[in-house]
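As the structure is a computational prediction, the values presented were derived from the model and not from experiment. Every heavy atom of this structure was used, including side-chain atoms; hydrogens, water molecules and symmetry mates were not.
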There are 2 protein chains.
Amino acid sequence: MTSSPSPSRRSARERLLETADRLFYAEGIHTVGIDRILEESGVAKGSLYYNFGGKDDLVRAYLLRQHSGWVAAITARTAQQTEPRAKILAVFDALIPIFASPTFVGCAFHHAAAEAHAGSTEDLAVKEFRTWLYELFAAPVEQGGYDNPQRLVAQLVQLFDGANMTAAADHDPHAAGHARAAAEVLLAAASPS
Amino acid sequence: MTSSPSPSRRSARERLLETADRLFYAEGIHTVGIDRILEESGVAKGSLYYNFGGKDDLVRAYLLRQHSGWVAAITARTAQQTEPRAKILAVFDALIPIFASPTFVGCAFHHAAAEAHAGSTEDLAVKEFRTWLYELFAAPVEQGGYDNPQRLVAQLVQLFDGANMTAAADHDPHAAGHARAAAEVLLAAASPS
DNA sequence: GCTCCTTTGAACAGGTCTGTCTAAACGAGT
DNA sequence: ACTCGTTTAGACAGACCTGTTCAAAGGAGC
């Protein structure tokens, strides 16, 4: 079935998705044509239209893969924490290895948002990611009983976005650490007792 | 000359730049073809290649215009302030009317960075903007004698970027206010005495 | 009236991209 | 051996994009 690859070689679908992920992320969705993806993945064009409906479906699968990657990387860290404050700070700790990756060029959803038309596949995927991002902070903030929780969540999301931007655009190796330190200060200032 | 428009109608250069600014910003540089710009500005194709060398030069002029817009909007506010703390907070006050504009869809340089190839016209313009942005905060931070100035500047830039992201992607009407409040907390925590 | 800068309209070439189609081959399971 | 899901290779159409070129007209200043 869909999850049983051929023995000698991975399926065309897997190779397409992996190559699309690499190229779309590194160079942009609009910039990369399907011919590039087909050439670098060694897959025939017919296989793309057999496995996916077209480029749009491939883009959707790419963004879903990116979303899953963020969820996996961050919940792996936050799930180990029980205290609300530690859960929040763990998000920024999770950014450290992500930013350190040699292929990191920023948050894929920031890029997708920049290229997206309203109502497009990219736009919908970005909205889903943003919803998850807010909930990621909203849950522990509420649990911690912080002052002005709505504002605090917005500020933490801003730090998350800003850290991604500065890590990518300015190649700041301490972006995650700086954001974490800022989050500590904000949490201390919003602590109830 | 270049600054004396015709009496009845604005010059082709002006009309091109204004239309390019509107379309590039709203829909992206790669997405918008010159034919769209020519059609909506009512300028002949020959005039584009007479005034500009081609699309690349038009893109360069568009990003320069955006850069000038940011500088004008922000220095108009910061120049009124004398105290370092007030100068820094004035940057975030300047964001309020910018974010409130009905045509605001985020920082043009965030979008350009997402579309840029390394070494491209967009890439160079983004680097210049980022340099200006850091200096915008670095000067008053140094003047104010704050603790760990390098980290503080990075954190303020992160708030600036994050506010732009949340204002655009999430349509948060309080993005600038939240970022300003966060900056106040960070400045208080880094105050020397 | 003359000149020169600017603008116009239109056509053309060359390139890229997405999407479709066809015919053939492969390979695993029955 | 047969079937069916999958993959391959290539050709093709249709659309869009950038850039170039040309002849002609407009308009301001001298």
Report the distance from atom [atom1] of [X] to atom [atom2] of [N], rounded to the nearest whole Å.
X: Leu48(A); N: dT20(C); atom1: CG; atom2: P; value: 11 Å
X: Glu27(A); N: dC17(C); atom1: CD; atom2: C1'; value: 15 Å
X: Glu39(A); N: dT18(C); atom1: CD; atom2: P; value: 13 Å
X: Phe52(A); N: dT6(D); atom1: CZ; atom2: C1'; value: 14 Å
X: Asp57(A); N: dT20(C); atom1: CG; atom2: P; value: 12 Å
X: Leu38(A); N: dT20(C); atom1: CG; atom2: C1'; value: 14 Å
X: Tyr49(B); N: dT21(D); atom1: OH; atom2: C1'; value: 12 Å
X: His30(A); N: dT18(C); atom1: NE2; atom2: P; value: 11 Å

Would you indicate what Gly46(A) reaches in the nucleic acid, counting non-hydrogen atoms under 4.0 angstrom: base, sugar-phosphate, or nothing?
->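 Counting heavy atoms under 4.0 Å across all strands, the contact made by Gly46(A) includes a base.
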Counting any heavy atom closer than 4.0 Å, what does Asp35(A) reach on the DNA or RNA strands: base, sugar-phosphate only, or nothing?
-> base
So, OP1 or OP2 of [N]: does either fall under 4.0 Å of a side-chain N or O from [X]?
X: Tyr50(B); N: dT7(C); answer: no
X: Arg15(B); N: dT8(C); answer: yes
X: Ser47(A); N: dT6(D); answer: no
X: Asn51(B); N: dT6(C); answer: no

Among dT8(D), dT18(C), dT18(D), the one nearest any side-chain atom of Ala44(A) is dT8(D)
Those residues that, when tested against Ser101(B), pass side-chain contact (heavy atoms from CB on, under 4.5 Å) (two or more places apart) | Thr103(B), Phe104(B)
Taking side-chain contact (heavy atoms from CB on, under 4.5 Å) as the test, write out the residues that go with Asp35(B), two or more places apart.
-> Leu38(B), Lys45(B)
Quantified as the angle between the terminal helix axes (five pairs each), what is the overall bend of the helix from dG1(C)-dC30(D) to dT30(C)-dA1(D) to 10 degrees?
-> 10°
For His110(A), enumerate each residue passing the ring-ring contact (aromatic ring centres under 6.0 Å, His included) test, keeping only those at least two apart in sequence or located in another chain.
->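 None.
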Evaluate the criterion side chain to side chain contact (heavy atoms under 4.5 Å, CB included) for residue pair Leu159(A) and Phe137(A); output intermediate values, then yes/no.
-> CA-CA 11 Å; Leu159(A) 283 177; Phe137(A) 288 116; over 6 Å; no
May I have all residue pairs that pass salt bridge (Lys or Arg N to Asp or Glu O under 4.0 Å) and include part of residues 89-114 of chain B, sequence neighbours excluded?
->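 Output for this query lists Asp93(B)-Arg180(B).
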Parallel, tilted or perpendicular: which fits the ring planes of Trp70(A) and Phe129(A), with parallel below 30° and perpendicular above 60°?
->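 Answer is tilted, since the angle falls between 30° and 60°.
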Ignoring hydrogens and angles, are the base of dG9(C) and the side chain of Lys45(B) linked by a donor-acceptor pair under 3.5 Å?
-> no
By side-chain hydrogen bond (donor to acceptor under 3.5 Å, both in side chains) - contacts of Thr121(B) (at least two apart) | Asp56(B)
